[in-house]
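All heavy atoms count here, side chains included; hydrogens, waters and symmetry mates do not. It should be emphasised that the depicted structure is a prediction, and the values quoted were computed from it without experimental measurement.
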Amino acid sequence: MLKINLEYKKGILFVRLKGNLNKTTAPRFRDYALPIINDYKIKYMVYNLNNLHVLDNVGKEVIRESSSCIKKHKGKVLLINSKENKLNLDNLSNELVALELLKI
């Protein structure tokens, strides 16, 4: 099961995930998040993974896809509390640090 909380604040889309982002839940997340990113031309996104229990390869691919969409808009994606370092994204300790780093 995956719970998705999206909040758009100060020009940044915060994506808070709770549960499992895996082969079962990733397609639903992709179908939900990618249209938002593209339709609203989101430039900055922060994934908060504090409450994510499982992240498999399919879940990682969805995060990479969303990151590619953001980069097309000349933006940046940050991760909060990710134990996964193979995503090649900046990994921060909390959302306040992300706000300070992006300085929008």
Side-chain angles (χ1 to χ4, degrees):
M1 186 162 129
L2 178 68
K3 290 188 179 184
I4 304 166
N5 174 277
L6 298 181
E7 180 182 4
Y8 188 73
K9 180 169 57 174
K10 295 187 178 189
I12 304 167
L13 180 63
F14 289 89
V15 180
R16 298 173 187 103
L17 301 176
K18 183 176 183 177
N20 304 322
L21 184 58
N22 56 25
K23 68 180 181 181
T24 304
T25 60
R28 188 183 106 219
F29 177 67
R30 177 188 293 120
D31 293 344
Y32 183 70
L34 293 183
I36 292 170
I37 293 167
N38 289 318
D39 292 349
Y40 294 97
K41 296 182 178 29
I42 302 294
K43 286 183 67 173
Y44 302 102
M45 191 157 106
V46 175
Y47 276 104
N48 188 328
L49 306 179
N50 279 330
N51 295 309
L52 196 63
H53 304 293
V54 174
L55 177 64
D56 71 4
N57 287 333
V58 178
K60 292 174 194 173
E61 185 57 34
V62 171
I63 290 175
R64 285 188 198 101
E65 285 178 43
S66 63
S67 180
S68 294
C69 291
I70 296 289
K71 289 177 183 178
K72 287 179 189 174
H73 301 138
K74 301 184 184 348
K76 186 167 186 144
V77 176
L78 302 172
L79 296 177
I80 304 298
N81 197 28
S82 175
K83 297 168 191 85
E84 180 54 54
N85 60 5
K86 294 180 182 178
L87 291 169
N88 296 322
L89 300 170
D90 292 332
N91 189 13
L92 306 172
S93 59
N94 63 57
E95 292 181 7
L96 292 176
V97 174
L99 279 171
E100 180 63 28
L101 180 64
L102 292 174
K103 293 183 184 180
I104 297 177

Quiz prompt | side-chain contact (heavy atoms from CB on, under 4.5 Å) partners of Lys18, counting only residues at least two apart | solution = Lys3, Asn51
Quiz prompt | side-chain contact (heavy atoms from CB on, under 4.5 Å) partners for Asn20, two or more places apart | solution =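 Result, side-chain contact (heavy atoms from CB on, under 4.5 Å) vs Asn20: Asn22, His53, Val54.
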Quiz item: Which distance, rounded to the nearest 0.5 Å, do you find between the OH of Tyr44 and the CZ of Phe14?
Solution: 13.0 Å
Quiz item: Leu6 and Tyr32: side chain to side chain contact (heavy atoms under 4.5 Å, CB included), yes or no, with the steps?
Solution: CA-CA 10 Å; Leu6 298 181; Tyr32 183 70; 3.4 Å; yes
Exercise. Look up atom CG in Leu102 and atom CG in Leu99, then write down how far apart they are to the nearest 0.5 Å.
Key: 7.0 Å
Quiz prompt | Results of side chain to side chain donor-acceptor pair (under 3.5 Å) for Arg30 - residues two or more places apart only | solution = Glu65
Quiz item: Can you tell if the side chain of Tyr47 reaches within under 4.5 Å of the side chain of Val77, non-hydrogen atoms only?
Solution: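 Yes, at least one pair of side-chain atoms sits under 4.5 Å.
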Quiz item: Is Ser68 reaching over with its side chain to a backbone N or O of Arg64, donor-acceptor style, under 3.5 angstrom?
Solution: yes
Exercise. Over all heavy atoms of both residues, which pair between Ala98 and Val46 is shortest? Give the atoms and the distance, please.
Key: CB-CG2, 3.8 Å
Quiz item: Any idea which heavy atoms bring Leu34 and Ser66 closest together, and the distance?
Solution: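 Looking at all heavy atoms of both residues, the closest pair is CD2-CA, 3.6 Å.
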Practice problem: Report yes if the side chains of Leu21 and Val58 come closer than 4.5 Å at any heavy-atom pair, otherwise no. | Solution: no
Quiz item: Taking a hydrophobic cluster as the set of Ile, Leu, Val, Met, Phe, Trp and Tyr residues connected by side-chain heavy atoms closer than 4.5 Å, whether directly or through intermediates, do Leu96 and Ile12 fall within one such cluster?
Solution: yes
Self-check item: Test log, rule side chain to side chain contact (heavy atoms under 4.5 Å, CB included), inputs Val15 and Glu7
Solution: CA-CA 7 Å; Val15 180; Glu7 180 182 4; over 6 Å; no
Quiz item: What is the minimum heavy-atom distance between Asn94 and Ile80, and which atoms define it?
Solution: O-CD1, 3.2 Å
Quiz prompt | Those residues that, when tested against His73, pass side-chain contact (heavy atoms from CB on, under 4.5 Å) (two or more places apart) | solution =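 Expected list: Ile37, Asn38, Lys41, Lys43.
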Quiz prompt | Shortest non-hydrogen contact between Ser93 and Val97, atoms and distance | solution =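 Smallest heavy-atom distance, with atoms named: OG-CG2, 3.7 Å.
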Self-check item: Residue pair Val62 / Ala26: nearest heavy atoms and the distance that separates them
Solution: CG2-CB, 3.6 Å
Practice problem: Could you tell me whether the side chain of Asn91 reaches within less than 4.5 Å of the side chain of Leu78, counting heavy atoms only? | Solution: no
Self-check item: Exercise: identify the closest heavy-atom pair between Leu49 and Leu17
Solution: CD2-CD1, 4.0 Å
Quiz item: Does a donor on one side chain and an acceptor on the other come within less than 3.5 Å for Asn48 and Arg16?
Solution: no
Quiz item: Sequence neighbours excluded, which residues qualify as side-chain contact (heavy atoms from CB on, under 4.5 Å) partners of Ala33?
Solution: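 In terms of side-chain contact (heavy atoms from CB on, under 4.5 Å), with neighbours along the sequence ignored, Ala33 is linked to Phe29.
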Practice problem: Can you run down the salt bridge (Lys or Arg N to Asp or Glu O under 4.0 Å) pairs that involve residues 67-79, sequence neighbours left out, and say none if there aren't any? | Solution: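 Qualifying pairs, neighbours excluded: Lys76-Asp90.
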